[in-house]
Amino acid sequence: MTFKLTKDWWKSATGYQIYPRSFSDSNGDGVGDIPGIIDKLDYLADLGIGFIWLSPVYRSPMRDNGYDISDYYDIAPEFGTLADMDRLIAEAGARNIGIVMDLVVNHSSDEHAWFQNALNGRDATFRDYYVWRDPGPDGGPPNALKSLFGGSAWSLHDDTGQYYLHFFDPKQPDLNWQNPNLRRDIYKMMNWWLDRGIAGFRMDVIDMIGKNPDAMIGAEGPDLHPFLQEMHRETLAGRNVVTVGETWSASLKNARDYCDSNRDELSMVFQFSHISQDWDPDHGRYTTRPVDMPAIRDTLFRWQEAMAEEGWNSLFWSNHDLPRAVSRFGDDGKYRVESAKALALVLHLMKGTPYIYQGEEIGMTNTHFERISDFNDIEIAGHWTELSAKGLSEAEFLAGANLNSRDHARVPMHWTGAQNAGFTTGTPWMPVNENHIEINVAAASADPDSVLSFYRKLVALRRSVPALTSGAFIPIETGNEVIWAYLRRDTDMSVLVCANMSSETQILKRDEIPTENWESLLQTGSCPCPDESGDIVLNPYQGFAARLI
Ligand code: ISL
Ligand code: CA
């Protein structure tokens, strides 16, 4: 059975991201795989999710853990086979869960047959599927464009004497979207997967496909939107699938250009302003700056406003490129459980499609890395080279990486308190976090007050109350910057969502919230109770959703 796609089904669904390498290993080789995911589908069905965003499982030399694809029509052997993938689509579909594949088409692997052919010479059939330029006047790179992983965005191919463009690793050459044959081949591949019954695509760095390297443009090139509209016509039109573009460049001004339903481009984008607003200009993500939660609330509320009439928000705290949500935005010490629940509550009940990153639903935390060499991520080496050249000490870099490295999300999922967290019977490709003894799915499932139990109730609540999908978002200004409060309202129901996003007790004044009576639908801890004066005392990270009556 495949997943049934009705119009806009993805608006009321909750997404769940799986990083396959680190989710569940079925054969003891230390690497998560597709049969391992199939084993856990009942767990995901219990959680109540509507679709899985599956990070890349295509054939790949794994320079960037699959974000470097060498064959779009095949599955990496360590993850399984095409038959396993078909089984995953069918088994998930039988549980009413769609499979959303990661579409990585800004670049391919250098081991893709197209690039291998392109290396044969300037006249090679697929030469123009990539971006080649003659050396600059000094014989060096054509210009100063930089790779997002550090260093020049250009690498020289000695035999043909030209440079090729790579906005990421040299083993991730950029595809040339100006070539109509390349575009046709990409659309053909997308249709091939869609015809297999997948529910949509998450599109990797899709804002970069309109690049114009001669004008020093990576993201948001002039052809970006025409290309997305062409892609829609050629692949997505009439299918009711969900598409979510990864767009680091999206702003309040331009995000609707991607997801206004009248423009026929994407369902929604991942925008990152709440993620990166506390990175610092010198160190980027490798900063030790703490987050400013009141400012993040303001940002997310502004995004709600921007999408009020047209467009659609995606809602997330973390993904495979980011630290653990509770460590970055909450308190992963004393209030780990409370803050993980509060973060989920205030995010999921905004208007948009929420995404859970594997392990977030049990409140997994950042891990600790002793040395730079303990990191696995290729981004670390490039950024360390650059920042150390600017005078950053190893201790400073390590402190920043211990807060914000991509590897925090990539250590194995905690299934049990047993050896290797029940992730594998072999040696895991990345060491498991020691705190799996306490934080794991088995323990959380048995505990009605766990983060997991809360997520189950939250996902179910959102699914059963239409006002939480399509109702208007109305911010409430309480005058207290650490209290997040808003209403979701449609003609049938008004739901008040409110949480103390701090580790101190806060008082919510009676006159700062709607005065109607309410009935609690969900709460992170005990019931919010008014004191003698009618004010509400909110304990650290205490929050609730209540129906106004
Ligand atoms: O955080 C980042 C930007 O400062 C980068 O690490 C980053 O995640 C990124 O620019 C885009 O990410 C996507 O494309 C990359 C891949 O490594 C990431 O995992 C993916 O999500 C190249 O495909
Ligand atoms: Ca395996």
Side-chain angles (χ1 to χ4, degrees), residues 17 19-39 53-58 60 62-69 75-81 84 102-109 146-150 153 166-175 202-209 218-219 244-250 269-273 275-277 279-281 283-287 316 318-323 328 355 357 375-383 386 400-401 404-410 412 420 423-429:
Q17 185 191 351
Y19 197 64
R21 215 175 178 73
S22 306
F23 190 62
S24 170
D25 174 21
S26 70
N27 62 354
D29 66 356
V31 173
D33 47 53
I34 295 172
I37 298 172
I38 296 172
D39 290 344
W53 152 25
L54 186 60
S55 276
V57 290
Y58 311 85
S60 161
M62 300 288 167
R63 171 73 181 152
D64 189 17
N65 293 343
Y67 285 90
D68 49 325
I69 297 169
I75 300 294
E78 59 255 71
F79 293 153
T81 62
D84 290 329
D102 215 313
L103 184 76
V104 189
V105 291
N106 171 68
H107 44 270
S108 73
S109 163
K146 303 247 302 161
S147 157
L148 292 161
F149 285 166
H166 54 85
F167 274 115
F168 294 91
D169 192 75
K171 280 186 69 65
Q172 292 168 301
D174 269 63
L175 289 164
R202 174 267 185 185
M203 302 186 182
D204 195 62
V205 289
I206 202 69
D207 54 349
M208 298 178 72
I209 60 175
V244 47
E246 186 203 22
T247 56
W248 284 81
S249 66
V269 293
F270 288 127
Q271 67 82 19
F272 292 87
S273 51
I275 297 292
S276 58
Q277 69 188 58
W279 293 1
D280 81 48
H283 309 123
R285 67 159 62 235
Y286 298 102
T287 177
F316 69 99
S318 61
N319 67 29
H320 67 293
D321 292 332
L322 300 174
R328 179 68 179 154
Y355 289 79
Y357 180 69
F375 290 92
N376 178 279
D377 181 11
I378 47 163
E379 193 190 79
I380 288 276
H383 283 251
E386 292 214 335
N404 284 320
S405 159
R406 310 200 300 180
D407 278 340
H408 293 295
R410 301 177 179 190
N420 293 323
F423 162 73
T424 180
T425 54
T427 306
W429 75 280

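Just so you know, ligand 1 is whichever comes first in the structure, and atom 1 is the first atom listed for that ligand. A quick note: this is a predicted structure, and the numbers were derived from the prediction, not measured. Note that these values count all heavy atoms, side chains included, but never hydrogens, waters or copies made by symmetry.
Remark: of the listed residues Phe23, Tyr357, Tyr67, Tyr67 is the sole one forming a ring pair (Phe, Tyr, Trp, His ring centres under 6.0 Å) with His320. The only option from Asp377, Asp68, Asp169 that meets the salt bridge (charged side-chain N to carboxylate O under 4.0 Å, His left out) definition with Arg63 turns out to be Asp169. Ser26 pairs with exactly one of Val31, Asp33, Thr425 by the side chain to side chain contact (heavy atoms under 4.5 Å, CB included) rule, that one being Asp33.
Using a non-hydrogen distance threshold of 4.0 Å, Arg410 registers as a contact of ligand 1. Under a 4.0 Å heavy-atom criterion, Trp279 is in contact with ligand 1.
Where the criterion is an N or O separation shorter than 3.5 Å, residue side chain and backbone included, Arg406 meets it with respect to ligand 1.
Taking the charged nitrogens against the carboxylate oxygens, Asp280 and Arg285 have no contact shorter than 4.0 Å, which rules out a salt bridge.
Using cut-offs of 30° and 60° on the angle between ring planes, the pair Tyr19 and Trp429 is tilted. Using bins of under 30°, 30° to 60° and over 60° for the plane-to-plane angle, the ring pair Phe316/Phe272 lands in the perpendicular bin.
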Could you go step by step and tell me if Phe270 and Arg202 meet the side-chain contact (heavy atoms from CB on, under 4.5 Å) rule? CA-CA 9 Å; Phe270 288 127; Arg202 174 267 185 185; 3.8 Å; yes
Hey, mind stepping through Asp64 and Gln172 against side-chain contact (heavy atoms from CB on, under 4.5 Å) and telling me if it holds? CA-CA 9 Å; Asp64 189 17; Gln172 292 168 301; 3.0 Å; yes
Criterion side-chain contact (heavy atoms from CB on, under 4.5 Å) on Ile209 and Ile206, from CA distance to verdict: CA-CA 6 Å; Ile209 60 175; Ile206 202 69; 4.1 Å; yes
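Listed here is the closest heavy atom pair of Phe423 and Ser24: CE1-N, 3.6 Å. Taking every heavy atom of both residues into account, Val244 and Val269 meet most closely at CG2-C, 4.1 Å.
Within the 4.0 Å heavy-atom criterion, the part of Arg202 lying near ligand 1 is the side chain and not the backbone.
In terms of protein heavy-atom proximity, atom 12 (O) of ligand 1 is nearest to Glu246 OE2, 3.1 Å. With hydrogens left out, the protein atom closest to atom 17 (O) of ligand 1 is Asp64 OD2, 2.5 Å, a heavy atom. For atom 2 (C) of ligand 1, the nearest protein heavy atom (residue, atom name, distance) is Arg285 NH2, 3.5 Å. From the protein, the heavy atom lying nearest to atom 8 (O) of ligand 1 is Asp321 OD2, 2.8 Å.
Close approach of ligand 1 to Glu379 is summarised as follows: ligand atoms under 4.0 Å from at least one heavy atom of the residue are 2 (C), 5 (C), 6 (O). Of all the atoms in ligand 1, the ones that sit under 4.0 Å from a non-hydrogen atom of His320 are 18 (C), 19 (O), 20 (C), 21 (O). Close approach of ligand 1 to His107 (heavy-atom distance below 4.0 Å) involves ligand atoms 22 (C), 23 (O). In the vicinity of Val205, heavy-atom distances shorter than 4.0 Å reach the ligand 1 atoms 11 (C), 14 (O).
Under the 3.5 Å distance criterion, with hydrogens and angles disregarded, no donor-acceptor pair is assigned to the side chains of Asp207 and Thr247.
Side chain of Ser22 to backbone of Arg410: a donor-acceptor contact under 3.5 angstrom is found.
Counting only protein N, O or S atoms, 5 lie closer than 3.0 Å to the Ca ion (ligand 2).
Of the candidates Asp204, Asn319, Leu322, it is Asp204 that places a heavy atom closest to atom 13 (C) of ligand 1. Considering only non-hydrogen atoms, atom 10 (O) of ligand 1 lies nearest to Phe168 out of Tyr19, Phe168, Phe149, Phe270.
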